[in-house]
Structure formats: structure tokens, C-alpha cells
Amino acid sequence: MTLSSKTKFIFITGGVVSSLGKGLASASLASILQGRGFKVRLKKLDPYLNVDPGTMSPYQHGEVYVTDDGTEADLDLGHYERFSGVATTQYDSITSGKIYQRVINKERRGDYLGATIQVIPHVTNAIKEFIFSDLTDEDFVQCEIGGTVGDIEGQPYLEAIRQIAYELGKDRVMFIHLTLLPYIPTAGELKTKPTQHSVKKLQEYGIQPDMLLCRSQMPIDQNEKRKLALFCNVKEENVVTALDVGNIYEVPLAYEKEGIDRCVCTHFGIECQKHHSDLSKWQKIVDIVRNPKENVKIAVVGKYAGFLEAYKSLSEAIKHAAIANFAKADILWINSEKLETGSVDDVLKDVDAIIVPGGFGQRGTEGKIMAIKYAREHNIPFLGICLGMQLAVIETLRNVAGISNAGTTEFDKNCTPVVGLLTEWQNGSVIEKRGENTDLGGTMRLGAYPCVLQKGSKVAEIYGCSEISERHRHRYEINLSFEKDLNQSGMLVSGKSPDGRLPEIVERPDHPWFIAVQFHPELKSKPFAPHPLFTSLLQTAIERKKNLI
Ligand code: GLN
């Protein structure tokens, strides 16, 4: 391990309750520090025992985020990328499952030379190794510890970061504790007691927070800050309000106003050349979000309609595209199962665009196919993503080509398999192979793959280039032996893997905007670099809406 002597570590823990938005807080701090010219890296450590979130239900843990190198990661990595613009990798997301797997693998290989394997030092050392891995010349490495202080499974992480502070010294380590000051209406007061208890718990583990970032629905007055400072042993100026804000893009501006970056610089004794962080790009975004020129209604037809964390990157990508079009997107989350029993027209007649996102399993797929048919027949701009692309192909082959039994082997073994299990593909110089009985975890086609765009196609025009790289997460693939049937039914395979064997994009030249992709474009969209597919979809939706009025 060669650690640059200038690299400083900021550890972010959470107290009182979960879901306080540590990921967003961490991502916002990173963007503020970047606005001062610092190089920042963000990492997430999750204490749960799953090896990665890949096999976790989106209902439990929200979307599975995928990095370029094919890591299935916590959705907070999406916040990190979107706010900092720094692409995340396998070195930025870890779980206890993976840590223990590494330790146990080493033990099986005999690497510990007969030692008794213990949480301290073996597990804590593996955690430290992860924190220090793959660093170059970062000014700051921000590490977010998942869960809430006091959780049994989080203890090895707290011990590991305590040790890092001991080893590197306090001038290279800062502890930020994100906490909640609940407002009790009957008392008319913000309560500091839960925070005091949470800090006491941290102190039991040998960690003294340097800053309290206090989530609150109203400004925290100086008396309360003084009380928290005194009881929690934190400098008064380092008790910082994290006020609830209207939209997430306001968070960096709100934190900067509270002086969070000044606290960080002062803690590390860094002379700030710039008086302020340059957050003008955030200000521009917030201005558009507050004063949109258009409204556009986008239907997302999916399985997890009631649980929006499952579509985090997608809803963000739609918002980014709306901002790029100076518009506000009203996203209509439609449970596809409902379409199967009701009138599709009633639900979809007023929408400006339809998106069918990725998904796994059969439930609700017939409803998604009905939505795709509706988009195709009514010239409504349509984007299909992953399963959405597979179903778009099935829809065309069933309803236009007349292959009534067209389906996917993912949930119908007796169908005409126009979508089938991907058993062999090229990943760089490696041939990846899978079978029916391989494990579910970590065995998909994952991460960034190149795709060649057909000259003169709509996607080539939208991307403005001939080869792209996008991130994948799937096991099944469209069977190219049906390409001729697709062409005869008005569907063009306009993007393929460089060897021409895997279809990546289909489009309908007879439609104002009908594109479906095997990859997940939403994962790479950022507020400052909205994804071209989403921007173009919304632009067409807005234009179409105006012509209709
Ligand atoms: N279930 C499909 C597959 O595995 C699609 C996956 C997805 O939409 N991410 O191929």
C-alpha cells in the first residue's frame, strides 16, 4: 500500500435513525470540496452480510447500481457518481459479506499461517485494506459507513476507522456524524437528546466526532447548537444544520451556506485559497428546477411502481433530461399489473412519453407489453430498457410479425424463444460462459460493454458518434436469428456488440421516437451531463405535446 501523504480521510457515520440520506450528504460534501478545487474519492461500506446487493430485492434495498467494471453496488454509488462526476469501481463499495468472504478465502488458502482468525485484527484489517485500496493522489477520501451507530454488525467498521485515526493521526482523519433533531410539535422544540445518546455510543467505540451534521426540518438556533456542542464534545462552529430542502440539487448549496467546507478545511488546517466553493453549476440547475418553462408527463410502467428507490437512477436520469430541456418532468409510476386488468387507454392517453424499465421475473410483463403496443400504435415516444427492450421485441414479433407464441425463456420454457439465456459472450479478451444452473449472484453480463451504432440510424444521430460504451446487467438476450422478422416488422437492430453477435439497440424508423436498449443508460446520466437518449426522448415528448395543443 502506497498512500499519498496528502490524502486525508473523512468518515461519515449515521445516528438516531436510518434513511437520513448519508449518501446524499457525502456526495454533496464531495461536490462542495470539488468546487474548491480538491480531488475527492467516495467509498461506501455496508455492514450487511450479503456479498453484494445484486441478489437483494429492490423492495428491501432499492436499486442495484452497476459500475463500469461490473460491480453490483449500493445505490449510494449512484449519488456519488451523479454529484461528483467521478466514476466508481469495485474499490468503492464493499459489504461485510465480501469482507468475510475474503478473510475466509485467505484462511482456507493457509495465508494466515495457522493463526486464530478474529474480527480484530483480521476482519478490521480487511476493512482497512479496502479503504486504502486503489488510491492515487486524492486530497480527500470520504467513506460512508452504512447503517446506524449501535448496530451490532457495524462494530468492526467503527473499530477499523478508529484504528485509522490512531495510525494516521487526527490531522489526516475527520469524523462526521449525521444525525436527526426531531421536532416535537406539542413541545414546540427540536430535541437534541437522541443525538447526545448516539454520540455517546460512538464515544464508547473510541470515536469522537469532529462535526455533527444535524438533519432538521427547521433552522437550529444557537442555544441548541451550543448545548449539542457541550454535551457531545464538538466545537460549536462544527455543529452544522442540514436543513430539509425541496429538491436534492439544493443540498450542496444549502450545506455550503452552512459552512460545511470551511469546517472541513479548518479541521485539517488547510488554508483555503478560495473564499467560497464555486457552486455556480448547481445554482444554474436549481434555478431551472424552480422555474421550468414546460411540463412533461412521463409514464414509467414497471413492477416496483410503489417503491421508487428501486428506480433511483431512472428517475434521476429523467429529471436530468428535463433540466436539459428547461422542463419539469411529472413522472407517472404505473404498476404494469394494473394494465392487465383495466383499460390501457384510460391510463396512458394523456402521457407524453412511456418508459418500460429493466426488471426480472414474469409478474406484470404482459401489462408492460400492452404499454409498448400502445406506444407503438399511438406514436407516443417510447424508451425500453433491458427487460423493456426484450419485451419491445416480443411485442413486435407477436403483434406485427404474427409469431403469437414469441416470448423469453426467462419465464416461459415453451415459447418461441425470441429472447433466450445468454450462455457465451466476449468480455474483452475473455469468453464468459454461463449455464441454466449457475449461481444467481454475480453471474450476469455486468458492467460496461462497447456497442457499435448503425450508420444513419436514429441512435447514431442522438449519440453523435459510431461507438458507445454502456453498462449492462442481464442474463438474457435477444435471439438475432429473428432479425429478419424484426426488419420485416419495421424494427431495426441499430446497435450491436463489435463482433456483431449481440443485439444492443432496436428502433422503429416508422415511429417518432421508439428506441429500446439492452443496457442501462440511466446509470451514466448526471445533472451536468444528462444522457443523450433521455434528453432526446424528452425533447421529442415536449415537441409532440406542443403540436397537439
Ligand atoms: N430479466 C432480464 C435479463 O436478465 C432483464 C434484466 C434487466 O432488465 N436488468 O436478461
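As the structure is a computational prediction, the values presented were derived from the model and not from experiment. Computation of the quantities below employed the complete heavy-atom set of this structure, encompassing side-chain atoms and omitting hydrogens, waters and symmetry-equivalent molecules. When a ligand or atom number is given, it counts from 1 through the structure's own listing order.
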Could you check whether any heavy atom of E477 sits closer than 4.0 Å to an atom of ligand 1, since that is the contact criterion I want to use?
no
Among non-hydrogen protein atoms, atom 5 (C) of ligand 1 lies closest to G359 O, 3.3 Å
Y80 and side chain to side chain donor-acceptor pair (under 3.5 Å): which partner among E144, K44, R41?
E144
Centroid-to-centroid, F83 to W282, below 6.0 Å?
yes
Quick one: do E294 and K328 make a salt bridge, cutoff under 4.0 Å?
no
Is the centre of the Y65 ring less than 6.0 Å from the centre of the H79 ring?
no
Would C386 count as a polar contact of ligand 1, with the cut-off being nitrogen or oxygen pairs under 3.5 Å?
no
May I ask you to identify the nearest protein heavy atom to atom 4 (O) of ligand 1, giving residue, atom name and distance to one decimal place in Å?
R475 N, 2.9 Å
Contacting atoms of ligand 1, where contact means under 4.0 angstrom from a heavy atom of L387:
5 (C), 7 (C), 8 (O)
Looking at Y91, I'd like to know if its OH atom is crowded, meaning that more than 12 non-hydrogen atoms belonging to other residues, nucleotides or ligands lie closer than 6.0 Å.
no
Please report which non-hydrogen protein atom sits nearest to atom 10 (O) of ligand 1, along with the residue it belongs to and the distance in Å to one decimal place.
Y476 N, 2.8 Å
Protein heavy-atom partner closest to atom 1 (N) of ligand 1 - residue, atom, separation in Å
E410 OE1, 2.7 Å
How far is atom 9 (N) of ligand 1 from the closest protein heavy atom, and which atom is that?
R473 O, 2.9 Å
Could you tell me if any non-hydrogen atom of M444 lies under 4.0 Å from any atom of ligand 1?
no
Charged N to carboxylate O below 4.0 Å: is that the case for D76 and K22?
no
